[in-house]
Amino acid sequence: MRITLPDGSEMAAEKGQAVYDIVGKIGKKLQKDAIVAQLNDELADLSHKVTANASLKVFTFKNPEGKDAYWHSASHLMAQAVKRLFPDAKLAIGPSIENGFYYDFDVERSFTPDDVQKIEAEMAKIVAEDLPIVREELSMEKAIELFSSLNEPYKIELLRDLDAESVSIYRQGEFVDLCRGPHVPRTSRIKSFKLLTIAGAYWRGDEKRQMLQRLYGTAWPTADELDAYLKMREEVERRDHRRIGKELELYSIQEETGPGLVLWHTKGARLRNSIENFWRDEHYKNGYDLVYSPHIGRGQLWQTSGHLDFYRENMYSSMDIDGQEYYVKPMNCPFHIMMYRSRGWSYREFPLRWAELGTVYRYERSGVLHGLLRVRGFTQDDAHLFCRPDQMPEEIDRVLSFSLYMLRSFGFNDFKVYLATRPKEKSVGEDDKWQSAIKALEESVRRAGIEYEVDEGGGAFYGPKIDIKIKDALGREWQCSTIQFDFNLPERFDLTYIDRDGQKHRPIMIHRALFGSMERFIGVLIEHYAGRFPLWLSPVQVQIASITDETVDFAAGLRDRMMREGLRVEADLRNETIKYKIRDAIEKKVPYIGVIGGKEAAANSISVRKRGENTSESMPIDEFIARLKDEISRRL
RNA sequence: GCCCACGUAGCUCAGUCGGUAGAGCAUUUGCAUGGUAAGCAAAAGGUCACCAGUUCGAUUCUGGUCGUGGGCUCCA
C-alpha cells in the first residue's frame, strides 16, 4: 500500500495500519504534534485505519483543521464533565469557534460561576483519565435508538433532520456524542483550557424556541499559549471604544438621557467634525450634492413610503401636531424623494447624487445596544442616486470604489464584502428586477476584483444590497458601507423623468452609506487606532506644557497663535511639574507635546516630543507649525 | 425582547455574616518653581442606581423597575 505525502513523495504502509502509526514513520515530532489528518479529500482521525492507497496530509494545532478538531474535542471534554456533574443536562450542540469552543445545554437551573469552576475541575480529571476517543458508525435507526435510551431529545431532533443512512458517534469513557468528527485521539491531548463565559442561547438560534445555557471556553496545547491568548483578550479590552471614549472624553451615554442616545463631548465632536469635513469635501469632489432634511415628517409620507407597513417595529410612536400624525424619521429617503418630486427631470440631468448627514432614530431592542456601535439615534452618511438604467453599472462601480477609498483613508484594509439577496418574508418588487439588480451588484464587485460572500435573503425589503463590514477590536464584524437598490420608493412615489423619447420613465434609485453611521464608524475607528488617532483626526493635535509660572504667558500666547492657524491646541498651564504634565499628555494620546521653558521662550522655539517617542527635539516655532500643517494636509 | 452577571465618590475599585462607608487617581487649597511618564501636605467629595417589602433598624436580605456588561435573536 502506498501513501502519497503533500510534497509528492511516497511511502509504503501496511494495509490496515492506523494513520497515527504511518505518521510515526514520517517523524516522531510530527507524530506527537499531529491532531488529525486528511486522507485523500477527507478529514480523518489519527486512529483511522488506512486500507487503500491514499494521499495523506497531517494537521497539527498550527493548521486551521487542527485547531478546529482540538477545540471541538475540548467542547466534548466539557460536555462530558457537565454530564458527570449534571446527569439531567440535555446536550444540544457544541462546535469549535474562532479561538475556542462552546457547548449548549438544556439544564433545569442555569450554571453559576461556582458550577463553572467545578466543571473545569472535572475536565481536568477526565484529561488525567486519558480516555481514548473512539469513532463509531451507526445506522440512523440505531443512532436514534441510542440517543432515545440516553434521553437526548435535541440529538434526536438533529438526527431526524439529517438526510443520511448512517451517522458517526464518538465515545470517550461513558460519554457519547453524535458527531461528524474528527477528534484528537485521547482526552489527555487537551492540555490547557479555560471556561470563559456563561450565556443564554436559543436552540437553533430561534428566539421562539427553548433558551439553552451556553458555556464558552478556549483550549491550547501549552499553558504559555493559553496565557498569551488570555493576555490578548485583556489587550482587546484596553482598546474597547467604550473605555477609550470615556478616557479621552469623546462621548457619553447616560441613563438619564436615555439608552442608545449619544452625547458627543467636545473632544469627540472635534473628531467627528474632522471626519465630517473630510466627508463633505470628498462628496463634492466626487460629483455629489449635499442636502438637508427635517427630523420628523407627516404620517402620510411614511404611509406612502411603505415604512409604516414594513418598518413600523423600528419606528417610534407618532406625535400629534395640530391634529396630524408625525413620525421621527428612521430613514432619510422619503425626504430626498420629495426633493426629487418637487419638479420634473430630464435624462440629461442624470445621474443625481444627493448626500446628507442625516440623523435618524430607530427602535432597537434593549439587549442589542452596544456603546457607539449599536445605538437608537444615529447620523447616517446617506445618499440617494437617481439614474437611467444604462447609467446604473457605472454608478455602482463609482459608489463601490468611493466607498473603498473612504474606508482606506481611515486605515481600514481588513473588510468583508457581502452581497445580500431577496428576503424570504416581507419584500416588494418583481422577481426579475431583483435578479437583474443582484446581477449588476455582483458584476460590479467582480470588476472591482474584491472577494465577497453571498448573504442569502439578507437584502432590505425594498431591494438587494452590497454590504461592507469592518472588524472591531474583538474581531466582531460591523456593517458600515451599504449600497442598496430601491424598487419600492420610485414606484410608491411615482417618480419619473423624461427620456430622449419624450416619454416618462421610472428612474433607478440607489441608496448608499459609506461610513454607515457616524456613531458606529467612529466606534470602530477608536478601536482601530486604539485612541491614538493620526494627527489630522486627533481632537487635540498639540498639547503645550509650560515648565514654570514665568513661561505661562508665552505658552498661552503660542496656543492662541496656533489656534488662529487652524490647529487644535491645548495648553497645560497648571502649576505642576513638567514630568506630571508630560505624563498627563501621554495618557491623552496627543500626537505632539510641545514643552515651553525659559530657553524656548527666549529663542522663540519649542521642544517637541512626538507620540510614541521618549525623546524631544527643539525647533523654531514657525518650523513646527509648518511641519504640522504639512502632515495634516497629507492626512498623516 | 430572552439567559446570566453586575450597579458603592468624577474615574478604578475595597467593604458592610443587617447598626447609614473606605483607598488610589482626579478636584480644591497651601507649600515646593520643578526640563520630558506621577514633588509634598491638607481639605472637600457618597439618599451605597431607583421603588417597594421584611426588620427596632436595609447600602447589605427579598421582590420589582431602570441601566450596564457578556451572549442569543434582530440591524447602520
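Proteins come first, then strands; the chains are lettered A, B, ... in the order of their sequence lines, and each starts at number 1.
Here the side chain of A/Tyr216 is nearest to one of B/A37, B/U73, B/C72, namely B/C72. Candidate nucleotides B/C72, B/U33, B/G67 were compared by shortest atom distance to the side chain of A/Pro259, and B/G67 ranks first. Out of B/U33, B/C11, B/A76, the shortest distance to the side chain of A/Lys246 is found at B/C11.
Scanning atom types as modelled, one donor and one acceptor separated by under 3.5 angstrom connect the side chain of A/Arg365 and the base of B/U73. Between the base of B/A76 and the side chain of A/Glu364 there is a donor-acceptor pair shorter than 3.5 Å.
Spacing between B/C11 and B/G7 at atom P, rounded to whole Å, works out to 15 Å. On the P atoms, B/A21 is 14 Å away from B/C17, given to the nearest whole Å. Here the separation of B/A58 from B/U20, taken at their P atoms, is 11 Å to the nearest Å. Nucleotides B/U16 and B/U29 have their P atoms positioned 37 Å apart, rounded to a whole Å. A distance of about 23 Å separates the C1' atoms of B/U60 and B/G45, rounded to the whole Å. With both ends at atom P, the span from B/G10 to B/U47 equals 8 Å, rounded to whole Å. Across B/G19 and B/A42, the matching C1' atoms stand 31 Å from one another, rounded to whole Å. Remark: the separation of the C1' atoms in B/C6 and B/U12 is 15 Å, to the nearest Å.
Outside the 6.0 Å centre-distance limit, the rings of A/Phe193 and A/Trp220 are not counted as a close aromatic pair.
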Report all interatomic pairs (protein N or O, nucleotide N or O of nucleotides 2-8 of chain B) with separations under 3.5 Å.
from, atom 1, to, atom 2, distance (Å)
B/C2, O4', A/Tyr202, OH, 3.4
B/C2, O2, A/Tyr202, OH, 3.4
B/C3, O2', A/Gln213, NE2, 2.8
B/C3, O2, A/Gly200, N, 3.1
B/C4, OP1, A/Ser110, OG, 3.3

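B/A38 atom P lies 12 Å from atom CG of A/Asn614, rounded to whole Å. At whole-Å resolution of the value, CG in A/Asn314 and C1' in B/U73 are 13 Å apart. One interatomic measurement links the two molecules: NZ of A/Lys579 to P of B/C40, which rounds to 12 Å at whole-angstrom precision. In this structure, NE2 of A/His370 is placed 18 Å from P of B/C75, rounded to the nearest angstrom. One interatomic measurement links the two molecules: CG of A/Asp572 to P of B/A26, which rounds to 12 Å at whole-angstrom precision. At whole-Å resolution of the value, CG in A/Leu215 and P in B/C72 are 14 Å apart. Straight-line distance from the CD atom of A/Glu587 to the P atom of B/U12: 14 Å, rounded to whole Å. One interatomic measurement links the two molecules: CG of A/Asp455 to C1' of B/A76, which rounds to 14 Å at whole-angstrom precision.
Within residues 592-608 of chain A, the residues approaching RNA chain B are A/Val595, A/Gly597, A/Gly598, A/Lys599, A/Glu600, A/Ser607, by heavy-atom distance under 4.0 Å.
Defined by atom type and a distance below 3.5 Å, a donor-acceptor pair is missing between the side-chain atoms of A/Tyr103 and A/Gln213. Residues A/Gln484 and A/Tyr462 bring a donor and an acceptor atom of their side chains to less than 3.5 Å of each other. A donor-acceptor contact closer than 3.5 angstrom is absent between the side chains of A/Arg270 and A/Asn273. Side chain to side chain, A/Glu249 and A/His265 fail the donor-acceptor criterion of an N or O pair below 3.5 Å. A donor-acceptor pair shorter than 3.5 Å cannot be found between the side chains of A/Ser605 and A/Lys599. Using modelled atom types and a 3.5 Å distance limit, the side chains of A/Thr379 and A/Thr359 yield a donor-acceptor pair.
With sequence neighbours left out, the side-chain contact (heavy atoms from CB on, under 4.5 Å) criterion links A/Thr112 to A/Arg109, A/Asp114, A/Asp115. Partners of A/Pro330 under the side-chain contact (heavy atoms from CB on, under 4.5 Å) rule, at least two apart in sequence or in another chain, are A/Trp302, A/His307, A/Tyr311, A/Met315, A/Arg362. Legend: residues meeting side-chain contact (heavy atoms from CB on, under 4.5 Å) with A/Asp88, ordered by chain and number and at least two apart, are absent.
By the 4.0 Å N-to-carboxylate-O rule, A/Glu623 lies too far from A/Arg627 to be salt-bridged with it. Using a 4.0 Å cut-off between a side-chain N of Lys or Arg and a carboxylate O of Asp or Glu, A/Glu237 and A/Arg233 do not qualify as a salt bridge.
Nucleic acid contact class of A/Tyr363 (heavy atoms, under 4.0 Å, all strands): sugar-phosphate only. Among the atoms of the strands shown, base atoms are found under 4.0 Å from some heavy atom of A/Asn575. Among the heavy atoms of the strands lying under 4.0 Å from A/Ser616 is at least one base atom, whether or not backbone atoms are also near. Within 4.0 Å (heavy atoms only), A/Ile578 reaches sugar-phosphate atoms of the nucleic acid but no base atom. As judged by a 4.0 angstrom heavy-atom cut-off over every strand, A/Val360 is placed among residues making no nucleic acid contact. Within the 4.0 angstrom heavy-atom criterion, base atoms lie near A/Arg520. If you check every strand for non-hydrogen atoms under 4.0 Å, A/Gly523 touches nothing. Using a 4.0 Å heavy-atom cutoff across all strands shown, A/Lys588 reaches no nucleic acid atom at all.
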Pair A/Lys589-A/Ser538, side chain to side chain donor-acceptor pair (under 3.5 Å): steps then yes or no: CA-CA 9 Å; A/Lys589 307 183 201 296; A/Ser538 281; over 6 Å; no
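Annotation: cation-pi geometry satisfied between A/Arg214 and A/Tyr102 (NZ/CZ under 6.0 angstrom from ring centroid, within 45° of ring axis). Cation-pi geometry between A/Lys469 and A/Tyr418 is met: the NZ or CZ atom falls under 6.0 Å from the ring centre, inside 45° of the normal.
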Pair pattern of RNA chain B in dot-bracket, where unpaired bases get dots and | marks partners in another strand, Watson-Crick or G-U under 3.5 angstrom: (((((((..((((.....[..)))).(((((.......))))).....(((((..]....))))))))))))....
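The residue among A/Arg574 and A/Arg374 whose nearest nucleotide of RNA chain B lies closer to the 5′ end is A/Arg574. Projected onto RNA chain B by closest heavy-atom contact, A/Ile582 and A/Arg362 fall at different nucleotides, the more 5' of which corresponds to A/Ile582.
Contact between the side-chain N/O atoms of A/Arg376 and the OP1/OP2 oxygens of B/A76 is not found at any separation under 4.0 Å. For B/G70, one of the phosphate oxygens OP1 or OP2 lies less than 4.0 angstrom from a side-chain nitrogen or oxygen of A/Arg242. For the OP1/OP2 pair of B/A76 and a distance below 4.0 Å, the side-chain nitrogens and oxygens of A/Lys469 include no atom meeting the criterion.
A stacked arrangement is not assigned to A/Tyr580 and the six-membered base ring of B/G39, the conditions of a centre distance below 5.5 Å and an interplanar angle below 30° not being jointly met.
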